[in-house]
Amino acid sequence: MPAVEETVRQVAETANQKYKYGFVTDIEQERAPKGLSEDTVRFISAKKGEPEWLLEWRLQAYRAWLEMPEPDWAPLTFKPIDYQQYHYYAAPKSDADKPQSLDEVDPKLLETYEKLGIPLREQEMLAGVAVDAVFDSVSVATTFKKTLHDAGVIFCSISEAVREHPDLVRKYLGSVVPYHDNKHACLNSAVFTDGSFVYIPEGVRCPMELSTYFRINELNTGQFERTLIVADKGAYVSYLEGCTAPMRDENQLHAAVVELVAHDDAEIKYSTVQNWYPGDENGKGGIYNFVTKRGICEGRNSKISWTQVETGSAITWKYPSCILKGDNSVGEFYSVAITNNYQQADTGTKMIHIGRNTKSRIISKGISAGKSDNTYRGLVRILPGADGAKNYTQCDSLLIGDQCGAHTVPYIENRNRSATVEHEATTSRVSEDQLFYCRQRGIGEEEALTLIVNGFCREVLQVLPMEFAVEAQKLVGISLEGSVG
Amino acid sequence: MLEIKDLHATVDGKEILKGLTLSVGAGEVHAIMGPNGSGKSTLSYVLSGREGYAVTGGSVTFNGADLMEMEPEERARAGIFLAFQYPVEIAGVSMTNFLQTAVNAHRRARGEEELDPLAFVKFARAQARELGVKDDLLKRPVNMGFSGGEKKRNEILQMAMLQPSLGILDETDSGLDIDALKVVSDGVNRLRRADRSFLVITHYQRLLNHIVPDFVHILAHGRIVRSGGRELAEELEKSGYAGLVEAA
């Protein structure tokens, strides 16, 4: 597997580096004026040449956003966000004449990806992964279009989908996360600039893993990605999302929305490695990551599986959820959340059991180091009609050092007597015995910690696609640098 | 090769080693015997650099280097291997992953190329076969659910792969039945070489029937009270510690 070896080589090269993705590529941006208003929303919609219905939808979202209070359940500490200080639209100038192949892509962009360890060409050749690469807000390259096209799979930017597949977008956009769902989702709905759209037709198994790399590059550009994935009856798709961001001092706002729809017998596997800039060791800078991710198992026997490795961001506020509406549908949530220095994470899931014999499984591994705070917050709700519903939840927390916090906040609401809900939770420390055992074998202290923590997360890492798993293990090490010794 | 001079060490402020002196030459096998609480395990931890074991006096040089100045991993890479009395469990980390990480850390320190996963697995399997250890042990998480015998055999396997110049066996015989003891001892005997020394720390003489030492030292109250050849161990077997320690 040369692609894996390539990754392994990159892992070796990045060992012992500080946040390696801390650089800014100098490419001229075409920006919206700073600040948020109806005019901003209209500017974005006009820039994208959107139909009237979408502009109306955005404006409704904007008006809802004005009224709505910030969510306040998470014990997160940060200065109130000044929404007027952000730019809400930025696009590389070359967007006007969009490249048709990688050869036409701005070499500077390609260089950026290579610095990120995402050599598109090599991936194209070796990994069999189609990449819809988002550089700031506009997609610049989409590979493997033909293979996907032949299979009948639609995989494109959401802007393109609005133009090319308006009926599908109109039918599903906001159907899982309505524009008024929460303040951050309102904001996203009003000003989203790009993201991915995937439609897998009935009976089709997507012939490759679909992957999008997100990246914030322009100073003061809030990122508002919108992703919509629909798996029609009997379809299957595995989607990978990975993020890196350059180092900077100002806080950046990121409020993405992801919606998944699985029809009868369909399965969607959604994997994320999130590595936004977490701020420096004194808690300065870093991304605010306020994400709304939700999937609906609309049809019978459908399945949605979320896997996330969250190592970045100054603040993570994120609860990828499943609405288990179809009978016998299955929801899964596998999560590793690592916080170090002054990072704060409040993450978990919601499993809403509506249909009969619906099942959910939650495996959460939280690792706290430095002065960070890491909270698992999860809701399991069994509605009266969910006969025979089953949930299993396991939340393990690992503490490194004595100045960090780990919290587990499970909410369980069961309104059906035939349902089974299980919850297990543990909290432990990395033991001195384990560290010494590793060091006595010649393994340095930080490498030993990485090894032990990767072992702790194994149940989650092993459900990631292979290439992603290697990347994730590398991130575990980078995230914990400086937390021992 | 290993020179310990007038070594004093404390644990939680209490002095455990009180002027221990010992010289180990290349290829020699030294047995350290002593009653409970005499400082045997403390000696192994002080040599390997465990936190919490404070050296308050004396010196230890290893192949000419001041051992006490080195981090535990540096000592390991310099050739000191401790076979633990109680090997530690690490959930989710396979033996293969653990050992590959360790072997490559040693190789990096020597300026050698790291072994890739395929080359490593080949190497590990060959070593395991040599020592009569089943392959599947390499796939299991480090020491998780291992029997007492498996844990000790696993320590010897690790020693074989890391090829130290000094192997310290800390009560390797504890908790082993006679068959397991024989397997483990055979493993150690295979690893004996002219340029590899051993410190065999044990409470009982029976291990020394299998791993025959060149020298035997009796440790009591934090210092070596008697030294001799292997016959000293037999004498000990007959008279017990009480007689010998009192006499000293």
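Since we're looking at a predicted model, the values are computed, not measured. Within every chain, numbering begins at 1; the chains are lettered A, B, ... in the order of the sequence lines, protein sequences first and strands thereafter. FYI, side chains are in, hydrogens and waters are out, and symmetry mates aren't considered; it's all heavy atoms of this structure.
Evaluation of the salt bridge (charged side-chain N to carboxylate O under 4.0 Å, His left out) test over residues 87-109 of chain B, restricted to residues two or more places apart or in two chains, returns A:Glu447-B:Arg108, B:Glu89-B:Lys151, B:Arg107-B:Glu112, B:Arg108-B:Glu114. The stretch residues 116-164 of chain B participates, sequence neighbours left out, in no ring pair (Phe, Tyr, Trp, His ring centres under 6.0 Å) pair at all.
Most heavy-atom pairs under 4.5 Å with chain A: of the set B:Ala105, B:Gly49, B:Pro141, B:Pro72, this distinction falls to B:Pro72. Note on B:Ala109, B:Gly92, B:Pro164, B:Ala78: by heavy-atom pairs under 4.5 Å with chain A, the leading option is B:Gly92.
A donor-acceptor contact shorter than 3.5 Å is absent between the side chain of B:Glu73 and the backbone of A:Ile443. Checking side-chain atoms of A:Arg441 against main-chain N and O of B:Met159 turns up no donor-acceptor pair under 3.5 Å.
The neighbour count for B:Asp12 CG, taken as heavy atoms of other residues, nucleotides or ligands under 6.0 Å away, does not exceed 12. Atom CD of A:Gln462 is surrounded by more than 12 heavy atoms from other residues, nucleotides or ligands within 6.0 Å. With a 6.0 Å radius and a threshold of 12 heavy atoms from other residues, nucleotides or ligands, A:Arg458 has its CZ atom at or below the threshold.
For residues 22-33 of chain B, heavy-atom neighbours of chain A at less than 4.5 Å comprise no residues at all.
Only the backbone of A:Phe456 comes within less than 4.5 Å of a heavy atom in chain B; its side chain stays farther off. Of the atoms belonging to A:Cys438, heavy atoms from both backbone and side chain fall under 4.5 Å from chain B. Both the backbone and the side chain of A:Arg439 come within less than 4.5 Å of a heavy atom of chain B. Contact of B:Arg50 with chain A is made through backbone and side chain together, with heavy-atom distances under 4.5 Å. Of the atoms belonging to B:Leu99, not a single heavy atom falls under 4.5 Å from chain A.
Between the side chains of B:Tyr86 and A:Asp433, not a single donor N or O lies within less than 3.5 Å of an accepting N or O.
Just one residue in the list B:Thr101, B:Ile90, B:Val142 forms a side chain to side chain contact (heavy atoms under 4.5 Å, CB included) with A:Leu451, and that residue is B:Thr101.
We find the CD1-CD distance between B:Ile168 and A:Gln440 to be 7.0 Å, quoted to the nearest 0.5 Å.
Relative ring orientation between A:Phe436 and B:Tyr45 is described as perpendicular, the plane-to-plane angle rising above 60° on a 0-90° scale split at 30° and 60°.
Annotation: ring-ring contact (aromatic ring centres under 6.0 Å, His included) contacts of B:Phe62 (sequence neighbours excluded): none.
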